[in-house]
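Below is one structure, written out as structure tokens, with a few remarks after it.
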Amino acid sequence: MENVAKPIAVGLLGLGTVGSGVVKIIENHQDQLIHQVGCPVVVKKILVRDVYKERDVQVNTSLLTTRADEVINDPEIDVIIEVMGGIEETRRHLLQALQQGKHVVTANKDLMALYGSELLATATENGCDLFYEASVAGGIPILRSLVEGLASDRITKMMGIVNGTTNFILTKMCKYGMPYEQVLAEAQALGYAEADPSADVEGLDAARKMAILARLGFSMNIDLEDVQVKGITDITEEDLDYSKRLGYTMKLIGIAHRDGDKAEVSVQPTLLPDSHPLASVSDEYNAVYVYGEAVGETMFYGPGAGSLPTATAVVSDLVAVMKNMRLGVNGRSAVAPQYEKRLKSRSEIFSKYFVRIHVKDEVGAFAKITAIFAEQGVSFEKILQLPLKEKGLAEIVIVTHRASQQAYEDILQRLRDLEIVHQVKSSYRVEGNGN
Ligand code: NAP
Ligand code: HSE
């Protein structure tokens, strides 16, 4: 029989997709938790919007409340688990909890991307832990891997598929030709999408996660507004077809890259060579590719969303808090950024690009287009020209060699201004293989 100490009482803010999973894991893995931390875990109070709602998990209704202060101010509650989402109201709850000396575990990337520095400073001031593993890539323990597993290395590049909803949508559109709206509805029904799915499809959710990753990986105070963002809503069937024909897979990719002391962070639909380690990451799965100067290439893969996978990360953070409580070392893990933030300018960011253009099908059109690329010193890696059904128009698809973002954007502008160009239909970043 184990020597079991007094239970740790937990207050939950939210009992939706993730909150239900947290309750299930705490109940189903209670023996394992006792073995690891030496005491049981009890969920003492749960904040919800509607106490009468039917739920995926059975809880005693006396635990439910619609009043946040009944959870946050309960003197017997040691740890607040925040899985309600939202920003301003949630920030106030968590500041209040930390100021009362309660440890906090959160899955909320919206909040951590915007107010992470403030919340972590408040946690440290009050001797509290604030852990947020579930906020990036759901069930993948990527934050702990960056700050502990790779603590001795200098990380120079992170590339991530960090939004399960968009990966699910792109996979179903590419593999099965399913329409965008139908797959988005499926992702919502499966609990992958945010309450407002525009945050997923417009790239904001992934941008928040990349800001958190870049801040930890590069030890630099990267803000959400430092991330260049483009979502998946403009991707067409034609783009996906060309991408396949040219040997690429279209993914929404977050890239954080540092050269010397300067960093770039972006989220955008990207064409990956089929042989790229991230190209085979399908459905709602996430993966983060990390390059460290000493370790070389590493990749972390797993479910990026969903009830139980995300709850695993939340409860693992709870275990970390409880271990710290036992050792009496809470509030000592947050480390201030080591480097001053320096961001690359557009002329310092390099990539290959895919562009699809509709042009008038007339003598000399092609030469005018190639001249614009040549004047900017950008050469072609692949090129296709095909007739279109629309009379008098042709489609040109180009994949460039590496060019600066500045040079490429200037080319796009000049193409749009060209009389023979009917429309620049689409444009995407193209990655090479691995690092
Ligand atoms: P959800 O299913 O919408 O659940 C939210 C829960 O919080 C519900 O129980 C809701 O109460 C409660 N709630 C929300 N606002 C409230 C308020 N103002 N007052 C009282 N209760 C409130 O959300 P979720 O998918 O579990 O996501 C929770 C958090 O985890 C979010 O920050 C999300 O970004 C993050 N996250 C989610 C996933 C995922 O796969 N879903 C993965 C990683 C991270 P009612 O039930 O009464 O409506
Ligand atoms: N909506 C998010 C996603 C949930 O699809 O990845 C996990 O953060």
Side-chain angles (χ1 to χ4, degrees), residues 11-24 45-57 59 61 63-72 81-94 105-114 132-140 142-143 160-171 183-184 186-210 212 231-232 252 254 267 281 283-288 302-314 317:
L12 229 58
L13 306 182
L15 188 60
T17 305
V18 182
S20 307
V22 168
V23 170
K24 286 179 196 164
K45 211 79 200 163
I46 307 174
L47 175 71
V48 290
R49 271 201 216 96
D50 175 3
V51 292
Y52 302 108
K53 188 168 160 181
E54 209 173 301
R55 303 199 176 264
D56 282 350
V57 66
V59 290
T61 47
L63 298 184
L64 302 181
T65 176
T66 55
R67 294 194 40 197
D69 53 359
E70 282 189 17
V71 188
I72 297 165
I81 295 183
E82 187 275 301
V83 281
M84 63 185 266
I87 301 180
E88 293 303 337
E89 181 189 350
T90 318
R91 169 182 171 230
R92 285 195 298 278
H93 291 336
L94 297 194
V105 171
T106 177
N108 192 330
K109 60 260 163 177
D110 312 20
L111 186 66
M112 288 310 292
L114 278 176
Y132 49 102
E133 182 62 72
S135 67
V136 179
I140 308 175
I142 182 64
L143 301 190
I161 294 177
V162 288
N163 181 270
T165 303
T166 46
N167 204 37
F168 185 79
I169 293 173
L170 289 176
T171 304
V183 200
L184 172 59
E186 210 179 307
Q188 286 178 285
L190 289 165
Y192 305 148
E194 296 302 301
D196 173 5
S198 61
D200 294 294
V201 296
E202 282 165 15
L204 183 59
D205 177 80
R208 288 167 171 153
K209 293 166 179 168
M210 289 311 296
I212 295 172
I232 66 162
L252 184 70
V267 168
V281 176
D283 299 318
E284 77 281 17
Y285 277 82
N286 281 196
V288 184
S307 180
L308 287 175
T310 309
T312 311
V314 172
D317 275 351

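None of these values were measured; they are calculated from a predicted model. For ligands, and for the atoms within them, numbers begin at 1 and follow the listed sequence.
Residue-ligand proximity, Asp200 to ligand 2, at heavy-atom distances under 4.0 Å covers atoms 1 (N), 2 (C), 3 (C), 5 (O). Below 4.0 Å from some heavy atom of Asn163 lie the following atoms of ligand 2, by number and element: 2 (C), 3 (C), 5 (O), 6 (O). Taking every heavy atom of Tyr192 and a limit of under 4.0 angstrom, the matching atoms of ligand 2 come to 1 (N), 2 (C), 3 (C), 4 (C), 5 (O). Atoms of ligand 2 lying under 4.0 Å from any heavy atom of Glu194, numbered from 1 in the order shown and given with element: 1 (N), 2 (C), 4 (C). Listed by number with element, the atoms of ligand 2 under 4.0 Å from a non-hydrogen atom of Gly304 are 7 (C).
Note: no N/O pair closer than 3.5 Å links Asn286 and ligand 2 by distance alone. Note: an N/O pair closer than 3.5 Å links Lys209 and ligand 2 by distance alone. Ligand 2 has no N or O atom lying under 3.5 Å from any N or O atom of Ala193, backbone or side chain.
In this structure a side-chain-to-backbone donor-acceptor pair under 3.5 Å is missing from Glu82 to Leu12. For the pair Asn108 (side chain) and Ile87 (backbone), a donor-acceptor distance under 3.5 Å is absent. Between the side chain of Asn163 and the backbone N or O of Asp205 there is no donor-acceptor pair closer than 3.5 Å. Distance alone, capped at 3.5 Å, places no donor-acceptor pair between the Thr166 side chain and the Asp200 backbone. Remark: the backbone N or O of Ser307 is not paired with any side-chain donor or acceptor of Thr17 at under 3.5 angstrom. Under the 3.5 Å distance criterion, the side-chain polar atoms of Asn167 are matched with a main-chain donor or acceptor of Asp283.
For ligand 1, the 4.0 Å heavy-atom shell contains residues Gly14, Leu15, Gly16, Thr17, Val18, Leu47, Val48, Arg49, Asp50, Lys53, Arg55, Val83, Met84, Gly85, Glu89, Ala107, Asn108, Lys109, Ala134, Gly191, Glu194, Ala305, Gly306, Thr310.
Not a single heavy atom of Glu284 lies less than 4.0 angstrom from ligand 2. Not a single heavy atom of Gly138 lies less than 4.0 angstrom from ligand 2.
Contact annotation for Thr165 and ligand 2: heavy atoms of both the backbone and the side chain come within less than 4.0 Å of the ligand.
The neighbour count for Asp69 CG, taken as heavy atoms of other residues, nucleotides or ligands under 6.0 Å away, is above 12.
Note that CD1 of Ile161 and OG1 of Thr171 are 8.0 Å apart. Values are rounded to the nearest 0.5 Å. With values rounded to the nearest 0.5 angstrom, Thr165 atom OG1 is found 9.5 Å from Glu284 atom CD.
Atom 8 (O) of ligand 2 has as its closest protein heavy atom Lys109 NZ, 2.6 Å. In this structure, atom 6 (O) of ligand 2 lies nearest to the protein heavy atom Gly164 N, 2.7 Å.
When side chains are defined from C-beta on, Leu114 does not count as touching Arg91, because their heavy atoms never get closer than 4.5 Å.
When all heavy atoms are compared, the tightest approach of Arg208 to Ala199 is NH1-CB, 4.2 Å. Heavy-atom minimum distance, Lys53 versus Arg55: O-CG, 3.4 Å.
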